[in-house]
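Please read all numbers here as calculations on a predicted model, not as lab measurements.
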Amino acid sequence: QVQLVESGGGSVQAGGSLRLSCAASRYSFTISGYCMGWFRQAPGKEREEVASIYSDGSTRYADSVKGRFTISKDNAATKLYLEMSSVRPEDAAMYYCAGTSGIIGVCPVGSGGFAYWGQGTQVTVSS
């Protein structure tokens, strides 16, 4: 069964940087037709897509993080990353790693298209 495990969360100073990692098990990064993504959810808010990356390397970002966050993956290591820079207080949330199942032609829009999810890693922002 597919397993996704996030790490790298913690406290970061406003304006600082942080890198989140997602280790995938029993999930192939060599077969085409999959999408991996990062989502976040803060108390009192809906879960929102932060960024996604298709198997061919194509990326998509939420407007709120564009230019500040970078999503990437290491196919050989089956790991997904989210580099966060110029962090803002509103970036504080639980961050989740997610992946699609089967073969798809493009990254889904929203969380509904992702079948596999990690348990999340907490990001807090201090001043």
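Enclosure of atom CD in E90 by more than 12 non-hydrogen atoms of other residues, nucleotides or ligands within 6.0 angstrom is indicated. The environment of CD in Q122 is crowded: more than 12 heavy-atom neighbours from other residues, nucleotides or ligands sit within 6.0 Å.
A24 and F29 get closest at one heavy-atom pair: CB-CE1, 4.0 Å. Residues L4 and C22 share a closest heavy-atom pair of CB-SG, 4.0 Å. Contact between Y27 and Y116 at its shortest, heavy atoms only, is CE1-CD1, 3.7 Å.
R26 places a side-chain N or O within donor-acceptor distance of the main-chain N or O of Q1, the cut-off being under 3.5 Å. Formation of a donor-acceptor pair under 3.5 Å by the S55 side chain with backbone atoms of S32 is not found in this model. Of the possible donor and acceptor atoms, one in the side chain of E6 sits under 3.5 Å from a partner among the backbone N and O of G120. Side-chain atoms of S85 come within 3.5 Å of backbone N or O of R68 as a donor-acceptor pair. Between the side chain of Q13 and the backbone N or O of S127 there is at least one donor-acceptor pair closer than 3.5 Å. Y96 places no side-chain N or O within donor-acceptor distance of the main-chain N or O of G37, the cut-off being under 3.5 Å. Side-chain N or O atoms of S101 include none that pairs as donor or acceptor with a backbone N or O of A115 at under 3.5 Å.
In this structure, R40 does not pair ionically with E49, as no charged nitrogen and carboxylate oxygen lie closer than 4.0 Å. The residues D63 and K66 are annotated as salt-bridged, a charged nitrogen and a carboxylate oxygen being separated by less than 4.0 angstrom.
Between P108 and C35, the closest side-chain pair of non-hydrogen atoms falls below 4.5 Å. Counting heavy atoms from C-beta outward, I104 and Y54 have side chains that approach closer than 4.5 Å. Between C97 and M36, the closest side-chain pair of non-hydrogen atoms falls below 4.5 Å. The closest side-chain heavy-atom distance from V123 to L18 is below 4.5 Å. With contacts defined as side-chain heavy-atom distances shorter than 4.5 Å, the pair S52/R60 qualifies.
Atoms CD and CD, on E46 and Q41 in that order, are 7.0 Å from each other to the nearest 0.5 Å. In this structure, the separation between CG on N75 and CG on L80 is 10.5 Å, given to the nearest 0.5 Å.
Figure legend: cation-pi geometry between R47 and W117, with NZ or CZ positioned under 6.0 Å from the six-membered ring centre and within 45° of its axis.
Cluster membership check: W38 does not share its hydrophobic cluster with M94, using side-chain heavy-atom separations under 4.5 Å among Ile, Leu, Val, Met, Phe, Trp and Tyr. V2 and V5 are members of different hydrophobic clusters when ILVMFWY side chains are connected at heavy-atom separations under 4.5 Å. Criterion: ILVMFWY side-chain heavy atoms under 4.5 Å apart, direct or through other members. Under it, I53 and L82 are part of a common hydrophobic cluster.
A side-chain contact (heavy atoms from CB on, under 4.5 Å) with Y81 is found for one member of L20, D74, T70, I71 and no other, namely D74.
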**Message:** Before you tell me yes or no, could you show the steps for Y61 and V50 under side chain to side chain contact (heavy atoms under 4.5 Å, CB included), namely the whole-Å CA-CA distance, both residues' side-chain angles and the distance that decides it to 0.1 Å?
**Reply:** CA-CA 6 Å; Y61 296 91; V50 176; over 6 Å; no
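Residues satisfying the salt bridge (charged side-chain N to carboxylate O under 4.0 Å, His left out) criterion with E83, sequence neighbours excluded, are absent altogether.
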